[in-house]
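Below: the structure, in structure tokens.
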Amino acid sequence: MFISCHVISLAHYGQPPKQNKTLRLEQGDFKLRVRSSEVERMGKRASLVLKNVFAMTASNLFLGAGAMLLRAEQSFRLAKHLSRASFGIALLLLVRVGYGLMQVNSLDKYNERFVTKK
């Protein structure tokens, strides 16, 4: 696992150091921030999954709206055209979900190379 560390000083950046760094570390003037690449990969996967869930939910919304508009075709003039547009948007979102699932699958395969066995 790759870990990068950054030390952030709480003192002003433009001032020259006044004390020894070990003394400042003992006093708690430094914060240690650790950033793991494993956490970044999990965050990227979670972001992709969340995008897919949103696209699937929106697709279901447009699919339901299209079905309702198709049913109301007799009483509303533009219902036929609006239902077709709604079905088209639902289809585009479903294509987006399929592409997103392929992205998640390829990211999982990519991440398998970095998993260490314990």
Side-chain angles (χ1 to χ4, degrees):
M1 175 171 60
F2 172 73
I3 296 177
S4 62
C5 296
H6 302 284
V7 175
I8 300 172
S9 174
L10 296 177
H12 297 289
Y13 290 106
Q15 294 180 353
K18 295 180 181 177
Q19 297 174 343
N20 189 4
K21 287 186 180 181
T22 58
L23 180 64
R24 289 177 63 197
L25 184 61
E26 289 173 357
Q27 291 175 349
D29 285 343
F30 289 111
K31 283 185 181 178
L32 188 62
R33 193 173 60 180
V34 177
R35 197 175 92 190
S36 173
S37 61
E38 182 178 345
V39 173
E40 289 179 12
R41 287 193 300 267
M42 288 187 326
K44 187 173 183 178
R45 186 183 191 283
S47 174
L48 284 173
V49 169
L50 189 61
K51 284 180 186 179
N52 286 338
V53 168
F54 175 74
M56 183 59 91
T57 304
S59 174
N60 285 333
L61 175 76
F62 281 108
L63 190 63
M68 288 175 58
L69 285 170
L70 195 61
R71 179 106 168 123
E73 186 178 341
Q74 308 299 331
S75 61
F76 185 51
R77 275 185 143 177
L78 295 176
K80 184 176 184 179
H81 300 294
L82 289 175
S83 68
R84 286 183 180 173
S86 182
F87 287 142
I89 293 171
L91 180 65
L92 289 176
L93 287 170
L94 283 175
V95 169
R96 167 67 183 100
V97 168
Y99 177 68
L101 290 175
M102 288 185 346
Q103 284 181 325
V104 170
N105 193 15
S106 67
L107 183 66
D108 285 342
K109 287 180 182 177
Y110 178 77
N111 287 340
E112 282 179 5
R113 289 188 267 164
F114 295 104
V115 175
T116 58
K117 302 285 182 183
K118 291 185 179 180

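Residue indices begin at 1 and follow the sequence shown.
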Show which side-chain atoms of residues 67-81 pair as donor or acceptor with protein atoms under 3.5 Å away, not counting sequence neighbours.
| unit_1 | atom_1 | unit_2 | atom_2 | d |
| --- | --- | --- | --- | --- |
| Ser75 | OG | Ala72 | O | 3.4 |

For this session: For residues 83-113, pull every pair meeting ring pair (Phe, Tyr, Trp, His ring centres under 6.0 Å), keeping only residues two or more places apart or in separate chains.
Result: Tyr110-Phe114
Exercise. Who passes side-chain contact (heavy atoms from CB on, under 4.5 Å) against Ala65, sequence neighbours left out?
Worked result: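 Partners of Ala65 by the side-chain contact (heavy atoms from CB on, under 4.5 Å) criterion, ordered by chain and then number, come out as Ser86.
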Through direct or indirect side-chain contacts below 4.5 angstrom among Ile, Leu, Val, Met, Phe, Trp and Tyr, which residues connect to [X]?
{"X": "Phe54", "answer": "none"}
{"X": "Leu92", "answer": "none"}
{"X": "Phe62", "answer": "Ile89, Leu93"}
{"X": "Leu94", "answer": "Met56, Val97, Leu101"}

For this session: Please report the closest heavy-atom contact between Asn111 and Arg41, naming both atoms and the distance.
Result: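 Closest heavy-atom pair between Asn111 and Arg41: OD1-CD, 2.7 Å.
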Not counting sequence neighbours, list each pair that qualifies as a salt bridge (Lys or Arg N to Asp or Glu O under 4.0 Å) and has a residue in [range].
{"range": "residues 83-108", "result": "Arg45-Asp108"}
{"range": "residues 48-60", "result": "none"}
{"range": "residues 55-67", "result": "none"}

